[in-house]
Amino acid sequence: MALLQISEPGQSTAPHQHRLAVGIDLGTTNSLVASVRSGVAEVLPSSEGELILPSVVRYLADGSRQVGREARDNAAADPHNSISSVKRFMGRSLAEVLATESNSPYRFVEGEGSVPRIQTASAKVTPVEVSAEILSLLRKQAEATLGGDLVGAVITVPAYFDDAQRQATKDAARLADLHVLRLLNEPTAAAIAYGLDEAAEGVVAIFDLGGGTFDISILRLNRGVFEVLATAGDTALGGDDIDHLLAEWMKQQAGIEVKDNHGLNRHILDQARAAKELLSECDEVLVEIEDSEYEWQGLLSREAFNELIEPLIKKTLSPCRRALRDADVSRDEIAAVVMVGGSTRVPLVRDNVSDFFKREVLTHIDPDRVVAIGAALQADVLAGNKADGEMLLLDVNPLSLGIETMGGLVEKIIARNTTIPTARGQEFTTYQDGQTAMALHVVQGERELVSDCRSLARFELRGFPPMVAGAARIKVTLQVDADGLLNVTATELTSGVQASIEVKPSYGLQDQEIEQMLRDSMDYAQADKDARSLREQQVEAQRVIEALDAALASDGDDFLQADELSQIQTARAAVLAVAEADDHLAIKSAIKTLETCSEAYVARRMNASVRKAMAGHNLNEYER
Ligand code: ADP
Ligand code: MG
């Protein structure tokens, strides 16, 4: 018999088939697609030879649409129908969008669920649909350049994107007929682009200031593996804000007061952006406003510009400090600082970041392209084109995830900054005798009370056998996948009854909210702890009394022995006497006494109950 032939790992016997995969940087301002060709990652040009696609989609009255530069150039003339920075709306509710976009030219209308729609000349479109237009064009552009169908794409998202925003990005990809190999955090992609995974061990910082978002991430390299130690940032800080600041300055200088002339505002913003970008290279620029009504010209020096934007640039430093603190590393431990995003071309930004980290920052890979290039490298690996196996990437969970327990308290199951993917489980039990269902409430946040955290999802576990309170064992497992999406499973362990839910919140969490939640958890830490202890003990007191009363009423006569009842009654009265006061230690000790006196009785009835629940069933039935 012939022996089966086995090739060496990584060496296939068939001629090597290159599978076409791309990396996409789906940016707030600009989007790019890149791919590995002949071993080199490069950004793929459009048919017009452009590498950067402005993330703007214009909907025309005849139902056609423009995507990219054409849309951006027409935006000033047609502001209502030219949608830019749509990434800011991804995964957000209408209410959230309206709260932050009061100056927006777009006509937001209510859509299905709480998803906002934008009324354009031809259709009411969702942010997911607008993003899909951009992704679809990039896909076509890549397929034309690469000459074939794509097996998939790695799409990058800001490290701070929450579940809803990641899910919305995946939905947009599906609409654009793109298979998502993986959502990848932008800073991690930048680290890959710089080949930092091949370097020795060390800690690096990725500073990403784009058009609309700011992210700082601290990564640790460990034998070629990235671990994101911490992330921080501000989803409402970027080059757009510099443009707005400069536009305001221009209007002030020109003595123009425009409020609702969106066309003129857009024109001034375009001029501001152009001037800002020039100032990264020149010491002085000429700025102009030219409109049917207004005409103005002025000179702007880099010095004056720097003075204007300095407070804005400084705003990036406190997230840097926080990220370092969360990662528990000092500035001297940072081995490299990578600059990402078009706004890091501004010399003042580079200077401030260099000063802060006390070192030269890395800028030699084009900061506009670095994320797309890293994504392309990762896509190449995930598509199976590399012999040396899969690159392992670890990201972190930005806020703690937990479950509501009695008394409106949060039991944290996955801590903030835990590396993902991860799965953690914890056992819970029932509160009342005979309980056959349990309501589960999944929350996100750092505080002790549910009311101070964010509600993510509610679901129920039903149909487990009735038992006395405390006898059922419900294991709740929280699993966060590599894309940062959460799945929750609850299983009653004696019966195997199970329920699960995939958490796709219909609205997202604002970055400011995340920051606020983190700040609050620090400010209130002690007060929270006291409140928690008291609430815990009060709930416990109530539970113990209710359980005891119910038990005594149902089977006290059967299971109680001679003088047990009077001892129990005395201890019960003692618990009631302290339950409403605010001394949690007194409640705790009274409960303890009550539990000690009733221990023997409880054990007798627990045994009887389990025997009864299992009667008529065999063990195998429960051991699924
Ligand atoms: P995003 O990731 O948000 O899509 P990018 O990384 O493409 O953003 O950065 C876009 C921002 O970079 C814009 O605000 C743009 O004006 C700014 N930018 C691009 N080139 C320069 C430059 N030479 N000087 C200053 N800012 C620049
Ligand atoms: Mg970017």
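Read the numbers this way: they start at 1 and go in the same order the structure lists the ligands and their atoms.
In this structure, the side chains of Tyr59 and Glu133 come closer than 4.5 Å at one or more pairs of heavy atoms. Side-chain contact between Glu42 and Arg37 is present, with at least one heavy-atom pair separated by less than 4.5 Å. Contact annotation: the side chain of Ile373 approaches that of Val43 to within less than 4.5 Å [non-hydrogen atoms, C-beta and beyond]. The shortest side-chain heavy-atom distance between Arg174 and Val180 does not fall under the 4.5 Å cut-off. Contact check for Phe357 versus Leu324: side-chain heavy atoms found under the 4.5 Å cut-off.
Proximity of the aromatic rings of Phe89 and Phe108 is defined here by a centroid distance below 6.0 angstrom, and this criterion is met.
Counting heavy atoms under 4.0 Å from ligand 1, residue Arg273 touches it through the side chain alone. By the criterion of a heavy-atom distance under 4.0 Å, both the backbone and the side chain of Ser343 are placed next to ligand 1.
Salt-bridge formation is detected for the pair Arg345/Asp366: a Lys NZ or Arg NE/NH1/NH2 atom is positioned less than 4.0 Å from an Asp or Glu carboxylate oxygen.
Among protein heavy atoms, the minimum distance from atom 14 (O) of ligand 1 is reached at Lys276 NZ, 3.1 Å. Here the heavy atom of the protein found nearest to atom 7 (O) of ligand 1 is Asn30 ND2, 2.9 Å. Nearest non-hydrogen protein atom to atom 1 (P) of ligand 1 is Gly211 N, 3.5 Å. With respect to atom 23 (N) of ligand 1, the closest heavy atom belonging to the protein is Arg345 CD, 3.1 Å. The protein heavy atom nearest to atom 2 (O) of ligand 1 is Gly210 CA, 4.0 Å. Nearest protein heavy-atom neighbour of atom 9 (O) of ligand 1: Gly342 N, 3.2 Å. The protein atom (non-hydrogen) at minimum distance from atom 24 (N) of ligand 1 is Ser280 OG, 2.6 Å.
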Which side-chain N or O atoms in residues 240-247 pair as donor and acceptor under 3.5 Å with protein atoms at least two apart or in another chain?
residue: Asp241; atom: OD2; partner: Gly238; partner atom: N; Å: 2.7
residue: Asp243; atom: OD1; partner: Lys276; partner atom: NZ; Å: 2.9
residue: His244; atom: ND1; partner: Asp240; partner atom: O; Å: 2.9

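Which parts of ligand 1 touch Gly239 is read off a 4.0 Å heavy-atom cut-off, strictly below it: atoms 14 (O).
The shortest separation from a heavy atom of Val346 to ligand 1 is under 4.0 Å, placing the residue in contact.
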